[in-house]
Amino acid sequence: MRIAIGNVIGQTELAELRTALDNVRFLDGRATAGYAAREVKDNRQADPLDRKAAALRALVAEKMLSNELFRLAARPKQLSPILFSRYEPGRKYGSHVDDAIMGGMRADVSFTLFLSDPGSYDGGELVIETPAGDEAIKLEAGSMIVYPATSLHHVAEITRGERLAAVGWARSFIRDEAKRELLFDLDTARSRLFARKGKSEDYDLLSKSSANLLRMWAED
Ligand code: NI
């Protein structure tokens, strides 16, 4: 399941984040790519050793983990450190699949939080490659796309402006994406039922199924 989540970060905090990132050192992104991805990766990333970036990574992680939709869609157990990436004209990131294990953590879910106003740059879509064709995604600043880490994907070349984004991965309590989607649908239906009818017997039965499926499938 791929899901777009709006307003993960409000406009004021987003402006502060962008300003703060102007003072962070950015390095060649190839340093953190595997031997094959290195051939196609052409961006810059915030220096992981730059201490000014640490607070910004923590802010983004906190925003994500407090987002109800993200919690329901990804069932995150743990997040990787957030990476801030910057693409200027001519830069892109060719087709690749993200590493399965990152710093000892299994990566089940990938996410990109867009930090630049989409009107301020051309190109730079995140393109998820599916058997049904490519899906190009470019969201409002402060919005995020969450997708299975199993997908081939690329970032289209930037032809104008600058694309700033925060990317990262989650280890999910639910490894299998089909099971994550099933639980997401069930919990969405359950909360809609609650909104309409309150705590009914039907709501309780759906809650029981949801909780027990989670118990059956969760890897803690
Ligand atoms: Ni990637």
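As the structure lists them, so they are numbered: ligands from 1, and atoms in each ligand from 1.
Neighbouring protein atoms of the Ni ion (ligand 1) (N, O or S, distance under 2.8 Å, waters ignored): H96 NE2, D98 OD1, H153 NE2.
Under the side-chain contact (heavy atoms from CB on, under 4.5 Å) criterion, D176 pairs with A178, K179, not counting sequence neighbours.
Checked for salt-bridge contact, R75 and D187 meet the test: a charged N lies under 4.0 Å from a carboxylate O. Look at E88 and R44 and you find a salt bridge, because one of the NZ, NE, NH1 or NH2 atoms lies within 4.0 Å of a carboxylate O, short of that distance.
Note on residues 162-172: pairs passing side chain to side chain donor-acceptor pair (under 3.5 Å), not counting sequence neighbours, are R86-E162, D98-W169, S110-W169. Pairs passing the side chain to side chain donor-acceptor pair (under 3.5 Å) check and including a residue from residues 131-140, sequence neighbours excluded, read R2-E135.
Hydrophobic clustering of Ile, Leu, Val, Met, Phe, Trp and Tyr side chains at less than 4.5 Å, counting indirect connections, unites I137 with V155.
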